[in-house]
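Worksheet: one structure, shown below.
Here is how names work: the chains are called A, B, and so on, in the same order as the sequence lines, proteins then strands, and each is numbered from 1.
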2 protein chains.
Amino acid sequence: MTTPKVIVSPVCEVTCFEQEKVARIKAELAQEEQQLPRLAELYKLLGNTTRLKILLALAQGELCVCDVAHVLNLTVAATSHQLKLLRDQGWLAMRNDGKMVYYRLQSEALLQVLKGDLRLLEERLA
Amino acid sequence: MTTPKVIVSPVCEVTCFEQEKVARIKAELAQEEQQLPRLAELYKLLGNTTRLKILLALAQGELCVCDVAHVLNLTVAATSHQLKLLRDQGWLAMRNDGKMVYYRLQSEALLQVLKGDLRLLEERLA
DNA sequence: GCCTCATTTAGATATTTGCGAAAATGATGA
DNA sequence: TCATCATTTTCGCAAATATCTAAATGAGGC
């Protein structure tokens with residue numbers, strides 16, 4: 001209901017050296033409270049070589065689950081699982097054709113991000 | 001010892017529908033074999049709201065461990081641990097001043113990436 | 001209706017991760 | 001030298017993750 005003026009922290013026994021700065025930063029972070037978990041979810045999804053490979057593979061065009069599994073050298077079950085994770089967050093689309101299921105990238109945007117981030121890594125090495 | 005010419009897959013009993021395409025994609029992915037784990041490492045690091053908050057907090061300027069802990073509402077030990085992870089991968093720099101240790105962003109580049117990726121998320125919502 | 005086969009889902013298990021508590025470090029200052 | 005205090009490290013545990021095997025689903029063709 002009411003917004004307390006003093007921010008009470010569970011670690012309040014520990015000295016806080018720049019209370020005002022800390023309070024200000026906390027307030028700013030609070031504004032991003034909606035976005036941050038979403039962003040973290042995206043990064044969690046990307047933080048796995050198997051899924052990165054899936055994205056890069058599908059950048060070449062759609063593939064059935066079985067062929068993705070071959071690309072990954074992984075069981076079909078594990079592959080299907082990873083595809084589902086990517087699809088659940090809306091980054092992949094699928095298409096049924098008889099018994100087969102074909103997956104493809106939902107958009108190019110994610111790929112652009114990947115490439116941008118790869119560039120960052122390369123710059124840092126230099 | 002010897003490199004086999006034929007790539008043997010552990011899932012070779014499963015039908016592969018587009019062998020050539022799969023082989024081509026595997027070859028292309030093999031070229032990125034150096035970069036992909038690095039990229040995944042970066043994303044793993046970013047795939048955690050605590051660490052994202054640290055990066056955004058330090059975007060405002062350097063902070064001592066203790067103050068970062070206050071911003072996060074986390075124990076100093078846990079905070080120190082997360083700071084170390086970010087520092088080990090070279091994204092943070094630190095400075096000693098007596099007993100205090102101040103952390104700061106190593107460069108603005110990572111922040112730019114964060115903002116770019118946030119933009120992607122926002123576009124997708126629209 | 002049944003059989004086949006691609007895919008998905010359901011356990012089960014091993015590994016990784018994030019955190020707190022407590023012990024260890026390392027610098028300051030008496 | 002000794003006590004203090006910010007930080008780091010170690011340990012242990014709970015939760016999440018990635019993969020496998022095996023069972024379930026669902027579409028096609030006989």
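- Among the nucleotides C:dG20, C:dT7, D:dT21, the one closest to the side chain of A:V76 is C:dT7.
- Spacing between atom CG of A:N96 and atom C1' of C:dA6 amounts to 10 Å, rounded to whole angstrom units.
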(request) Test A:D67 against B:I25 for side chain to side chain contact (heavy atoms under 4.5 Å, CB included), laying out the working first. (result) CA-CA 10 Å; A:D67 281 352; B:I25 292 177; over 6 Å; no
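- Phosphate proximity of C:dG20 to B:T75: present, with a side-chain N or O under 4.0 Å from OP1 or OP2.
- Residues B:E62 and B:Y103 fail the side-chain proximity criterion, which asks for heavy atoms closer than 4.5 Å.
- The existence of a salt bridge linking B:R38 and B:E41 is excluded, since no basic side-chain nitrogen approaches an acidic carboxylate oxygen closer than 4.0 Å.
- Scanning residues 39-65 of chain A for heavy-atom distances under 4.0 Å to DNA chain C yields A:C64, A:V65.
- Contact of the A:Q89 side chain with the A:L45 side chain is registered, since non-hydrogen atoms from C-beta on lie closer than 4.5 Å.
- For DNA chain D, the residues of residues 80-92 of chain A within the heavy-atom distance limit of 4.0 Å (strictly under) are A:H81, A:Q82, sorted by number.
- Between A:Y102 atom OH and C:dA6 atom C1' the separation is 10 Å, expressed in whole Å.
- Taking only side-chain nitrogens and oxygens, B:Y103 never comes nearer than 4.0 Å to OP1 or OP2 of D:dA6.
- Salt-bridge check for A:E28 with A:R24: passed, with a basic side-chain N closer than 4.0 Å to an acidic carboxylate O.
- The CE-P distance, from A:M100 to C:dT7, rounds to 5 Å in whole Å.
- A donor-acceptor contact closer than 3.5 angstrom is absent between the side chains of A:E122 and B:Q35.
- One N or O on the side chain of B:T79 and one on the backbone of B:T75 form a donor-acceptor pair closer than 3.5 Å.
- Looking at A:L83, A:L85, A:L46 one by one, the single match for side chain to side chain contact (heavy atoms under 4.5 Å, CB included) with A:R51 turns out to be A:L85.
- In this structure, B:A78 reaches the sugar-phosphate backbone alone: every heavy-atom distance under 4.0 Å involves primed, P, OP1 or OP2 atoms, never a base.
- Side-chain atoms of A:N73 and B:K26 form a donor-acceptor pair, as typed in the model, at a separation below 3.5 Å.
- Neither side chain, B:N96 nor B:Y102, offers a donor N or O lying under 3.5 Å from an acceptor on the other.
- Side-chain contact between B:S80 and B:K84 is absent, with no heavy atoms from C-beta onward closer than 4.5 Å.
- A:H70 has its NE2 atom 11 Å from the P atom of C:dT7, to the nearest Å.
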Provide a list of protein-nucleic acid N or O atom pairs under 3.5 angstrom, restricted to nucleotides 25-30 of chain D.
none

